[in-house]
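These notes are about the structure you will find just below.
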Amino acid sequence: MSAPTEAQILAALKKIPDPDRAQDIVALGMVQGVIVKDGHVMFSLEVDAKRGGALEPLRKAAEKAVESLPGVLSVSAVLTAQKAAAPAAGQRQPGTGPAGGPNAPGGKMLVPGVRAIVAVASGKGGVGKSTTATNLAVALSQKGLKVGILDADIYGPSQPRMLGISGKPKSPDGKTLTPMENYGIKCMSIGFLVPEDTPMIWRGPMVMGALEQMLRDVAWGELDILVVDMPPGTGDAQLTMSQRVPLAGAVIVSTPQDIALLDARKGLNMFRKVDVPVFGIVENMSYHICTNCGHREDIFGHGGARREAEKLGVDFLGEVPLDIAIRETSDAGTPITARDTQSAHAKAYRAIADAVWSKIETGTKAGPRIVIQ
Ligand code: ADP
């Protein structure tokens, strides 16, 4: 059966009225960015940020209306609040607005109860950003901190797999989602919300809508630190995220090759552009440990990241070797930091966690910038 056209989707959505206004959601121009791919349908509903929390039933009704069309395999609708978009970076105010509203002045989202949000980012995919985010979160939690992890890697969410969590988050009150949990870490991922076979073609505003929901509509509770596993790269979506999420700082993960290719530098510049402090660089797959004899091989040369960090004026947070034990544990949902607490790798991640936490503590004392109300 062939998939419906955009016109057919809009016709179905025309039957849904906005509960607070006399017209339907299509006539009001709320339906944006309709994407149809092999029977999978995605679109966003642009709403006023103030109404966001109350419009979940509308979002569900819109999804249902499209689901009932012949040829539709899945539907994802996200609420977006583009009207409250951030002004240019230079005009931004620190995120210290009144608590209660979803956004602080300057378009920043507020996450009450969360002391510091830290982004784990990379200039490109496949460098071990998610693995680092997971092990960093576990190591921080082993320090006795209350830790959450937000998988914002909308294009390829890995946290459900890496933390060994499956199933769907519950919503006891019908408004907020309860985060999933393992290893004492609260976790929310787009991977829990979108079926695995849904193509991940999200446009900028849709990415922001999903991220906004994961920050605002999740009952994170009191957290010392929320680690955000960012989507790889330094495009518009990443830039907007770095601008809208009140980040205390960023950790950049790179491999020795990508340091040579300057991808790490792009990541660094992106955060600088939006005034987010870069806590430092982690060199992943830094050297190789032979599975048979334990011999260490500096395949890509050694010390490049440390030198590059020095040159760029940021801290070098540590190095993690390329070791099959890291791949196996991370892909099996048993992060090495939790599984083998005495291993050299676990120690390396704990040292990185110590460095990151001390940056947060210093920053918290230094000013109100990262105290999120
Ligand atoms: P990214 O988030 O940058 O795309 P991932 O964390 O998903 O990267 O890692 C990509 C793959 O490399 C995964 O299979 C992961 O288990 C593996 N990996 C990551 N870091 C290491 C490492 N230090 N040693 C061995 N394998 C690793």
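Model, not experiment: these values are computed from the prediction. Heavy atoms only: backbone and side chains are in, while hydrogens, waters and symmetry mates are out. Order of listing sets the numbers, starting from 1, for every ligand and every atom in it.
Salt-bridge check for Arg59 with Glu56: passed, with a basic side-chain N closer than 4.0 Å to an acidic carboxylate O. With salt bridges taken as basic N to acidic carboxylate O contacts below 4.0 Å, one links Asp331 and Arg161.
The Pro321 neighbourhood of ligand 1 comprises atoms 22 (C), 23 (N), 24 (N), with distances under 4.0 Å to a heavy atom of that residue. Interface of Ser330 with ligand 1, defined as ligand atoms under 4.0 Å from a residue heavy atom, comprises 15 (C), 16 (O). For ligand 1, the atoms closer than 4.0 angstrom to any heavy atom of Leu322 are 24 (N), 25 (C).
Judged by distance alone, the side chain of Trp220 and the main-chain N or O of Cys187 form no donor-acceptor pair under 3.5 Å. Side chain of Asp24 to backbone of Lys15: no donor-acceptor contact under 3.5 angstrom is found. Between the side chain of Asn135 and the backbone N or O of Thr131 there is at least one donor-acceptor pair closer than 3.5 Å.
Note: the hydrophobic cluster containing Val320 does not contain Phe316 (ILVMFWY, side chain heavy atoms under 4.5 Å, direct or indirect links). No path of Ile, Leu, Val, Met, Phe, Trp and Tyr side chains, each step under 4.5 Å between heavy atoms, connects Met162 with Met180, placing them in separate hydrophobic clusters.
Nearest to atom 27 (C) of ligand 1 among the protein's heavy atoms is Met285 CE, 4.0 Å. Scanning all protein heavy atoms for the shortest distance to atom 4 (O) of ligand 1 gives Gly126 N, 2.9 Å. The protein non-hydrogen atom at the shortest distance from atom 24 (N) of ligand 1 is Asp323 N, 3.1 Å. Considering only non-hydrogen protein atoms, atom 8 (O) of ligand 1 sits nearest to Gly128 N, 3.0 Å. For atom 6 (O) of ligand 1, the closest heavy atom belonging to the protein is Thr131 OG1, 2.6 Å. Nearest to atom 17 (C) of ligand 1 among the protein's heavy atoms is Arg327 CG, 3.8 Å.
The heavy atom nearest to atom 7 (O) of ligand 1, out of those in Met162, Lys129, Lys124, is found in Met162. Residue nearest to atom 20 (N) of ligand 1, selected from Asn284, Asp151, Val127: Asn284 (by heavy-atom distance).
Counting heavy atoms closer than 4.0 Å to ligand 1, residue Ser130 contributes atoms from both its backbone and its side chain.
Evaluation of the salt bridge (charged side-chain N to carboxylate O under 4.0 Å, His left out) rule for Lys64 yields no partner, not counting sequence neighbours.
For the 3.5 Å distance criterion, the side chains of Asp229 and Gln159 qualify, holding a donor opposite an acceptor.
Annotation: Asp331 places an N or O atom under 3.5 Å from an N or O atom of ligand 1; distance criterion only. Ligand 1 has no nitrogen or oxygen under 3.5 angstrom from a nitrogen or oxygen of Arg161.
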